[in-house]
Each structure stands twice: as structure tokens, then as C-alpha cells.
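Working notes for the structure below.
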Amino acid sequence: MLAVVKILYHHRVASKDGQHVHIQEIIKSLQKQGHELILVAPRAGENQAFGGDGGVISTLKKVTPKFIYEILEFGYAFIAAAKLLWAVRQHSPDFIYERFNLFTPAGIWVKKIAGVPLVLEVNAPLYEERNEHDGLGLKRLAKWTQAYTWRQADVVLPVTRVLAQQIIAYGVTPSKVHVVHNGINAEEFMGDRPSLKPPIDISNRTVIGFVGFCRKWHGLDKILELLLQPGNEHLFFLLVGDGPAVPALREYGVENGLSDRIHITGVVQRKDMPMWLRPIDIALQPAVVGYASPLKLLEYMATGKAIVAPDQPNIRELLQHEHSALLFQPDNQDDFIRACNRLASDRALRERLAENARHAIVERRLFWDDNAAKIVTLAETFITHQRA
């Protein structure tokens with residue numbers, strides 16, 4: 001087995017969002033373990049603050065007809081392949097680690113040309129996702145690139161078992177598919193850092209918190225209604241993030257005299273996230289797509305929060321109803337609010353769920369360092385098998 005490996009890491013992410021967090025944490029963990037990384041990636045997002053949408057790339061996508069933009073995406077795959085080939089010849093990596101993106105089979109082409117094994121990280125079924133939400137101009141090409149890339153990779157790493165089944169349904173050999181859930185940075189989110197104190201007064205309050213980009217369908221207006229109910233004067237709502245639902249939430253708060261019981265941070269820099277998570281007692285995951293492994297959910301668990309989340313298969317991969325969270329029926333806002341109200345009135349339940357959620361992180365080793373070690377182990381196993 002290989003003790004220290006040389007990895008050619010390829011991705012096509014230009015934005016600084018949750019994708020960026022995943023990429024940076026895996027890179028840090030691999031380097032911490034002594035592995036050498038050669039990075040092939042866009043430079044468009046390097047100078048953005050956290051929350052940046054990719055700059056010129058995002059603008060180009062908005063103003064260009066879909067089929068033209070998709071031709072450009074596929075054209076970029078040839079450029080990426082040339083860069084990867086150059087990197088292979090310069091560095092002789094042990095394997096390529098690629099974050100899957102639609103219209104980008106560059107890593108597969110280089111694997112075939114240069115004979116370098118390829119480990120493919122898959123975070124979403126991007127053909128289905130883009131077709132449903134944005135529409136696709138070149139559907140046949142898009143679906144082909146997804147099927148081709150998934151099937152030709154040597155090892156495929158989906159972030160949930162739900163996604164693994166979708167990948168296998170494309171004809172990918174099941175033995176090549178290994179689930180690696182998202183993780184957390186233990187030092188940042190589980191260490192004892194008493195100096196972390198957000199600049200808001202929440203003394204003697206029970207804090208209900210939401211982290212992320214909030215939209216109307218998250219139902220956060222119902223949380224403000226919860227604050228107005230008799231007996232809930234101790235509740236405080238903390239929204240760590242921004243989004244199109246924020247103006248209406250602010251207006252509702254002013255109209256109903258809740259301004260001193262609501263705090264909305266706006267976009268928060270990544271380094272400050274542990275500070276803003278610290279005061280939350282009840283953490284909300286109002287909705288999530290059915291194949292995702294939500295980063296914020298893992299961070300809620302790691303920082304010991306009583307969690308309210310939808311009762312669906314990918315969430316049950318991480319949480320157990322009445323043990324480490326209260327799970328509600330998806331798209332049922334009444335059930336969502338009932339769960340929040342129950343936690344708001346039961347401190348012992350909050351503390352039990354929070355402790356069990358935090359314990360689940362440790363018990364299941366849901367850390368970026370463990371993910372990095374698993375990636376290398378799987379690659380080594382494949383390489384050793386091929387050499388045998």
C-alpha cells in the first residue's frame with residue numbers, strides 16, 4: 001500500500017459557497033496527512049469573499065442563451081483535459097481526484113490517455129438538478145456526459161446512500177460506489193473556544209437559529225409567528241445568512257414589535273461561522289433536496305444543537321427521530337412549527353437531542369480528516385488491485 005500519495009485534484013468550481021468549503025477542507029486534510037496535491041481548477045473565484053457567485057462566470061451564464069453556455073462548458077472540458085495532461089506529465093500523480101461537474105468529462109479522457117486512475121466525487125445528479133431548476137439546452141449531451149463520467153470512473157464517491165442508488169441506476173458497477181458523507185472540521189467546530197462570542201445580547205433567551213440562504217418556502221415567517229405566541233417571550237430568532245426572504249422577515253419584525261428579538265447577520269465569512277453557531281439552541285433545516293448531505297446540518301450536530309429537520313431518507317442517514325433530532329413531514333409547515341414549539345418548551349429534550357447529535361458526529365467519524373483518509377485508502381485499494 002502507498003503511504004504518501006501524489007494527487008492531481010481537479011474541479012470546475014468558481015464560486016465561494018458550500019462547494020468551496022468542501023473543496024478547501026478536503027485539500028487541507030489531504031495536505032495535513034502528508035499527501036502532495038497538484039491543483040487544476042479555475043482561477044475566477046480566487047479573490048472573491050465567501051458567498052461570491054463566481055464573478056464573470058456567473059454573469060456569463062445569466063446573459064448567454066443556455067445552449068451556447070453549455071457549448072462553452074463542454075469546450076472548457078478540452079482546455080481542462082490539456083491542463084490535466086500537462087500536470088500528469090510534469091508530476092506523475094498516483095491518481096486523479098475529480099469533483100464531478102456536468103459537461104466536463106476531462107478527467108476521464110486523461111485517465112484513458114495517460115492510464116492514471118480516477119476517483120470521482122459526486123455531490124449531486126447535476127443533469128437532473130439543472131434540468132429541473134434551470135432547464136438545459138443540450139439535454140442529450142448533458143445526460144451523456146453524466147452517464148459517461150460516472151460509468152468510466154474507477155471509484156465513485158457520492159455524499160449519500162440516496163445519491164449512490166441514483167448513480168448505480170445509471171449502470172455504474174455497485175462495487176465502485178462508496179458513500180462519503182460531508183464532514184466537519186473538528187478543531188473549528190468542536191474545540192473549546194470560549195472567546196467566541198457573537199456581538200448580540202441573548203441573555204436568558206432560547207435561540208432558534210437558521211444558517212444559510214433563506215427563501216420564502218423555508219417558512220421562516222412561521223418562526224416569527226411562533227415568537228408572538230403567549231409564553232414564548234423567551235424566544236429569540238437568529239438568521240445567519242441572507243436571501244430573498246430577508247426583507248419580508250425584517251418588515252414583519254418591525255410591524256409586530258419583534259426587532260429586539262430578531263438578528264439577521266447577512267453573509268458571514270467562513271471563519272466566523274463557529275462564533276455565530278455558538279448561541280443557537282434550536283437549529284433549523286426547514287428543507288433540503290433528497291440526495292444532499294447538508295454541510296450546515298453536520299455543523300449543527302458538531303456544535304451540539306437540538307435540530308429540526310425533514311423526515312426523509314438522506315436526513316435519516318445522519319439523524320434519528322426523537323434521538324438526535326425532531327424530524328417533521330417534508331413540506332408540512334404545521335408539523336415543522338409543532339416540532340419547533342415542542343423544543344422551545346422542553347429544555348431537557350433540547351439537551352438530550354443536542355448531546356446525541358454531537359455524539360453521532362464522533363461515533364461515525366464524520367470529519368474531513370477521516371474523509372480524506374478514506375479517499376486515499378479507496379484509491380490505494382484500487383491501485384494495488386490493478387497492479388496485482
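Computed from a prediction, not measured in an experiment: that's the story for all the values here.
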Note to self: Donor-acceptor pair, distance only, cut-off 3.5 Å: does the side chain of D281 make one with the backbone of V207?
What the structure shows: yes

Notebook entry, point to check: Judged by atom type as modelled, is there a donor-acceptor pair below 3.5 Å linking the side chain of D221 to the main-chain atoms of K216?
Noted result: no

Checklist line | Pairing residues for F328 by the ring pair (Phe, Tyr, Trp, His ring centres under 6.0 Å) criterion, not counting sequence neighbours | finding: F336

Next item on the list: Could you check if a side-chain atom of L220 sits within less than 4.5 angstrom of a side-chain atom of L224, using non-hydrogen atoms only?
Entry: no

Check: Which heavy-atom pair separates H22 from V159 by the least distance, and what is that distance?
Finding: CE1-CG1, 4.4 Å

Next item on the list: Evaluate whether atom OH of Y148 has more than 12 neighbouring non-hydrogen atoms of other residues, nucleotides or ligands under 6.0 angstrom away.
Entry: yes

Margin query: I'd like to know whether CZ of R364 has more than 12 heavy-atom contacts from other residues, nucleotides or ligands below 6.0 angstrom.
Written below: yes

Checklist line | 4.5 Å side-chain heavy-atom contact, I23 and Y9 | finding: yes

Next item on the list: Treat each ILVMFWY residue as a node, draw an edge where side-chain heavy atoms are under 4.5 Å apart, and state whether I307 and F189 are in one component.
Entry: yes

Check: Are the side chain of N182 and the backbone N or O of S293 linked by a donor-acceptor pair below 3.5 Å?
Finding: yes

Notebook entry, point to check: Is the backbone of A142 close enough, under 3.5 Å, to the side chain of T145 for a donor and an acceptor to pair up by distance?
Noted result: yes

Checklist line | Donor-acceptor under 3.5 Å (H35 side chain, V5 main chain) | finding: yes

Check: Does a side-chain heavy-atom distance below 4.5 Å link V288 with N314?
Finding: yes

Item checked: Results of side-chain hydrogen bond (donor to acceptor under 3.5 Å, both in side chains) for Y170 - residues two or more places apart only -> E128, Q146

Check: Checking side-chain contact (heavy atoms from CB on, under 4.5 Å) for the pair T303/I280: CA distance, chi angles, key distance, verdict?
Finding: CA-CA 9 Å; T303 49; I280 294 173; over 6 Å; no

Check: Do L102 and L136 touch side chain to side chain, with heavy atoms closer than 4.5 Å?
Finding: yes

Item checked: Main-chain N/O of L235 paired with R261 side-chain donor or acceptor, under 3.5 Å -> yes

Next item on the list: For residues 229-264, pull every pair meeting ring pair (Phe, Tyr, Trp, His ring centres under 6.0 Å), keeping only residues two or more places apart or in separate chains.
Entry: H263-W276

Checklist line | A360 versus L366, closest heavy-atom pair with distance | finding: O-CD1, 4.4 Å

Checklist line | Donor-acceptor pair, side chain of E25 and main chain of W368, under 3.5 angstrom | finding: no

Margin query: Suppose the criterion is salt bridge (charged side-chain N to carboxylate O under 4.0 Å, His left out): which pairs have a residue in residues 317-338, not counting sequence neighbours?
Written below: E322-R342, D335-R338

Next item on the list: Decide, yes or no, whether a salt bridge links K66 with E70 under the criterion of side-chain N to carboxylate O below 4.0 Å.
Entry: no

Next item on the list: Would you name the heavy atoms of I315 and P294 that are closest together and state the gap between them?
Entry: CD1-CG, 4.3 Å

Note to self: If you apply the rule side-chain contact (heavy atoms from CB on, under 4.5 Å), what do you find for V116 with L8, and how did you get there?
What the structure shows: CA-CA 10 Å; V116 181; L8 178 53; over 6 Å; no

Next item on the list: State, yes or no, whether a side-chain contact exists between Y97 and L157 at a heavy-atom distance under 4.5 Å.
Entry: yes

Check: Taking all atoms of both residues into account, what is the closest heavy-atom pair of K111 and D154, and its distance?
Finding: NZ-OD1, 3.0 Å

Notebook entry, point to check: Are R358 and E355 ion-paired here, with the side-chain N under 4.0 Å from a carboxylate O?
Noted result: no

Next item on the list: For atom NZ of K143, decide whether the heavy atoms of other residues, nucleotides or ligands shown that lie under 6.0 angstrom number more than 12.
Entry: no

Next item on the list: State, yes or no, whether a side-chain contact exists between I375 and I7 at a heavy-atom distance under 4.5 Å.
Entry: no

Check: Taking the six-membered ring for Trp, are F210 and H218 parallel (under 30°), tilted (30 to 60°) or perpendicular (over 60°)?
Finding: tilted

Note to self: How close do A106 and A77 get, counting heavy atoms only, and between which atoms?
What the structure shows: CB-O, 3.3 Å

Note to self: Counting only heavy atoms from other residues, nucleotides and ligands, does the tally under 6.0 Å from CG of N204 exceed 12?
What the structure shows: no

Next item on the list: Check for a donor-acceptor pair, side chain of N185 on one end and backbone N or O of E188 on the other, with a separation under 3.5 Å.
Entry: yes

Margin query: Using a 6.0 Å cut-off, check whether atom NZ of K6 has over 12 heavy atoms from anything other than its own residue.
Written below: yes

Notebook entry, point to check: Just wondering, do K296 and M273 contact through their side chains at under 4.5 Å, heavy atoms?
Noted result: no

Notebook entry, point to check: Quick one: does Q33's side chain have a donor or acceptor within less than 3.5 Å of a partner on D369's backbone?
Noted result: yes

Item checked: Results of side-chain hydrogen bond (donor to acceptor under 3.5 Å, both in side chains) for Q152 - residues two or more places apart only -> K112

Notebook entry, point to check: Any idea which heavy atoms bring A81 and V110 closest together, and the distance?
Noted result: O-CG2, 3.5 Å

Checklist line | Whether over 12 other heavy atoms sit under 6.0 Å from W144 CH2 | finding: yes

Item checked: Within residues 155-178 or reaching into it, pairs that qualify as salt bridge (charged side-chain N to carboxylate O under 4.0 Å, His left out) - sequence neighbours excluded -> none

Next item on the list: Could you tell me whether a side-chain N or O of S324 sits under 3.5 Å from a main-chain N or O of L353, the two making a donor and an acceptor?
Entry: no

Checklist line | L318 side chain near H181 side chain, heavy-atom distance below 4.5 Å | finding: yes

